[in-house]
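Every number for a ligand or one of its atoms is a count from 1 in the order of the listing. When a residue number appears, it is its place in the shown sequence, counting from 1. Every heavy atom of this structure was used, including side-chain atoms; hydrogens, water molecules and symmetry mates were not.
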Amino acid sequence: MADDSWRLPSTVQELAAAVEEPPTRYLIPEEDRLGGHLASAEMPDPVPVIDLFRVSGSHGAAEAEQEAAKLRSALHSWGFFLVTNHGMETSLMDAMAPASRAFFQLPLEGKQDHSILKDGKHWRLEGYGNDDVNAQDQILDWSDRLQLRVEPQDERNLACWPKQPESFRDLLHEYTVSCGRIKDGILRAMARLLELDEDDCLIDELGDRGSTYARFNYYPPCPRPDLVLGIRPHCDVGVLTLLLMDRDVAGLQVLRDGTWYGVPPVGHGYGLLVNIGVSLEIMTNGIFRSPVHRAVTNSEQERISLAMFYAADLEKEIEPMAQLLDEKQPARYKRVKCRDLLAAHREYFARRERVVESLKIQ
Ligand SMILES: O=C(O)CCC(=O)C(=O)O
Ligand SMILES: [Fe+2]
């Protein structure tokens with residue numbers, strides 16, 4: 001029988017503990033290693049920060065207007081921003097991040113109980129592990145992940161949810177509820193920016209049964225950070241992503257005009273970064289663009305991030321919103337069912353390509 005063990009790489013955490021050099025299948029293509037390293041430029045200005053309370057109008061119309069102008073500028077320049085005054089208790093962020101770390105620190109067997117491989121073989125969307133490996137020459141990322149579908153709540157597959165640390169499940173539930181409110185606040189502010197008919201227009205675009213995936217990314221230290229990527233260049237595929245950044249360790253980079261810029265940790269507490277996804281790019285007919293980003297590793301410290309991906313109802317079709325179209329602004333993206341978009345995104349991601357290119361109307 002053919003040896004297809006290449007389909008089932010060990011976790012990067014195990015690998016990192018065992019090797020002095022990353023194996024060939026983790027080495028990124030030459031053209032991505034320009035200059036011999038993955039260094040990035042410093043952002044010309046600090047990461048834009050949006051005060052969610054102000055932009056919602058709770059301080060009055062004038063302040064909301066000012067904050068909305070900042071949001072517009074952040075969306076047009078970078079496609080991402082930090083959100084503050086978002087209503088999530090600091091104590092929740094302070095507890096969620098260490099609980100994620102504690103999960104990755106469990107012995108392998110404890111984590112494998114929640115493996116992303118059903119019966120040890122068949123890759124699925126939820127659980128602990130890596131990407132689906134479907135080609136022998138696929139270049140792998142230097143990270144392990146725990147991916148869980150947290151919404152709709154009645155579709156949670158709790159068998160994939162860690163029982164250790166003990167606080168994990170309750171924390172993730174609370175975190176999900178809190179992030180859901182923040183996501184709604186952001187989508188309302190964006191709807192106002194776009195002058196849509198109703199503040200809830202973008203929220204409604206997700207449908208009644210929008211899907212939320214929580215993805216915990218774990219990047220072990222790498223002896224050759226100049227040769228691998230923690231996560232390859234990509235756009236997130238959902239409507240938007242809320243990324244809980246590592247408090248201390250940098251790694252996220254964003255591409256703008258051909259230059260990679262490093263996104264520094266906020267320096268105090270945990271930063272919550274909002275990232276536009278491909279689904280929102282389509283819905284807004286390209287008014288908001290999804291930024292290409294990646295994560296690099298380093299040789300000394302592990303790094304953790306937690307991404308909440310908000311996607312529409314899987315059965316819903318995504319297309320440019322009629323309100324944003326007219327003769328001068330015809331649809332620039334094809335209509336696509338959310339489920340198909342997510343599946344296509346995984347295929348493109350594996351090939352290091354971007355799904356959004358295939359959806360543009362030429
Ligand atoms: O770890 C990071 O900073 C980025 C993670 C990311 O881009 C993702 O999970 O989609
Ligand atoms: Fe991402």
Strictly distance-based, threshold 3.5 Å: is any side-chain N or O of Ser10 a donor or acceptor partner for the main-chain N or O of Glu14? no

Pair Asp141-Arg232, salt bridge (charged side-chain N to carboxylate O under 4.0 Å, His left out): steps then yes or no: CA-CA 7 Å; Asp141 291 338; Arg232 68 198 61 191; 3.3 Å; yes

Between ligand 1 and His234, can you find any atom pair, the residue atom being a heavy atom, that is separated by under 4.0 Å? yes

Sole residue of Trp161, Phe104, Phe168 in ring-ring contact (aromatic ring centres under 6.0 Å, His included) with Phe216: Phe168

Show me which atoms of ligand 1 lie under 4.0 Å from any heavy atom of Tyr219. 1 (O), 2 (C), 4 (C), 5 (C)

Between Phe103 and Tyr128, does the ring-ring contact (aromatic ring centres under 6.0 Å, His included) criterion hold? Intermediate values first, please. CA-CA 10 Å; Phe103 169 75; Tyr128 166 70; 5.6 Å; yes

Whether the side chain of Asp144 engages the backbone of Val12 through a donor-acceptor N/O pair (distance < 3.5 Å, no angle test) should be reported. yes

Element-labelled atoms of ligand 1 that are located less than 4.0 Å from some non-hydrogen atom of Leu243: 3 (O)

Using a strict cut-off of 4.0 Å, indicate which atoms of ligand 1 neighbour a heavy atom of Phe309. 8 (C), 9 (O), 10 (O)

His293 atom (N/O/S) at minimal separation from the Fe ion (ligand 2): NE2

Can you tell me if Arg303 uses its side chain to pair, donor with acceptor, with the backbone of Ala295 under 3.5 Å? no

Considering only protein heavy atoms, which is closest to atom 8 (C) of ligand 1, and at what distance to one decimal place? Arg215 NH2, 3.3 Å

Would you mind listing which atoms of ligand 1 come within a distance below 4.0 Å of any non-hydrogen atom of His293? 7 (O)

With backbone taken as N, CA, C and O and side chain as the heavy atoms from C-beta onward, which portion of Asn275 lies under 4.0 Å from ligand 1: side chain, backbone, both, or neither? neither

What is the OD1(Asp236)-the Fe ion (ligand 2)-NE2(His234) angle, to the nearest 10 degrees? 90°

For the pair Asp199 (side chain) and Arg188 (backbone), establish whether a donor and an acceptor sit closer than 3.5 Å, ignoring hydrogens and angles. no

Near Arg303, which atoms of ligand 1 are under 4.0 Å from a heavy atom of that residue? 1 (O), 2 (C), 3 (O)

